[in-house]
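Below, all heavy atoms of this structure are taken into account, side chains as well, without hydrogens, waters or symmetry copies. Indexing begins at 1, ligand by ligand and atom by atom, following the structure's order.
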Amino acid sequence: MDKSEKLALGLSGALLILFFGAIMYAGIAKDIEVPTCITDMEPFTTDTLFQTGPDTYELQMVARMWAFQPSTIRLPVGSTVDLYLTSQDITHGFKVDRRNINLMAVPGAINYMQVTFDEPGEYLFACHEFCGAAHHTMAGRFIIEEESEPLSENITEVK
Ligand code: CUA
């Protein structure tokens, strides 16, 4: 083997050892972890919709081939929703009918929007990014319900 070939091999080997050492150093000494899939982490694995105040909610939505989770969301009228959206597999879209909501669901990223539902009714949403064979079936809905009468108003006081 030629001397320069030996030198090139030796340097390549040394670089490999250096890079591998740097990865081990980052992982062990610096405690830096390789990012995991967002949909495997809380809160995407646990709660999907939870109340954060009298009229405010937080919604953790996951898009995947070919569904949204959750696909039906019931809320009282006047609710403000902090919507966090991510994807489990490939890029999807999220467009809500009659509301100014248009997000992309991107794997490894979380997109956010806040929306208030002032009118009761059904608000359909659908994937608007072609994502494969059943893209056209990927949809869901918000069901915004009229506030039920407060209990105290239905009770006749007995004196
Ligand atoms: Cu998901 Cu199209």
Quiz item: Would you call the rings of Phe142 and Phe94 parallel, tilted or perpendicular if under 30° counts as parallel and over 60° as perpendicular?
Solution: perpendicular
Quiz item: Does the gap between the ring centers of Phe50 and Tyr57 come in under 6.0 Å?
Solution: no
Practice problem: Look up atom CD in Glu58 and atom CG in Leu83, then write down how far apart they are to the nearest 0.5 Å. | Solution: 10.0 Å
Exercise. Rounded to the nearest 0.5 Å, what's the gap from OH on Tyr123 to CZ on Arg99? Could you check?
Key: 6.0 Å
Quiz item: So which protein N/O/S atoms does atom 1 (Cu) of ligand 1 have within less than 2.8 Å?
Solution: His92 ND1, Cys127 SG, Cys131 SG, Met138 SD
Quiz item: Rounded to the nearest 0.5 Å, how far apart are OG1 of Thr80 and CD of Gln114?
Solution: 6.0 Å
Quiz prompt | Ring geometry between Phe68 and Phe125 (parallel below 30°, tilted from 30 to 60°, perpendicular above 60°) | solution = perpendicular
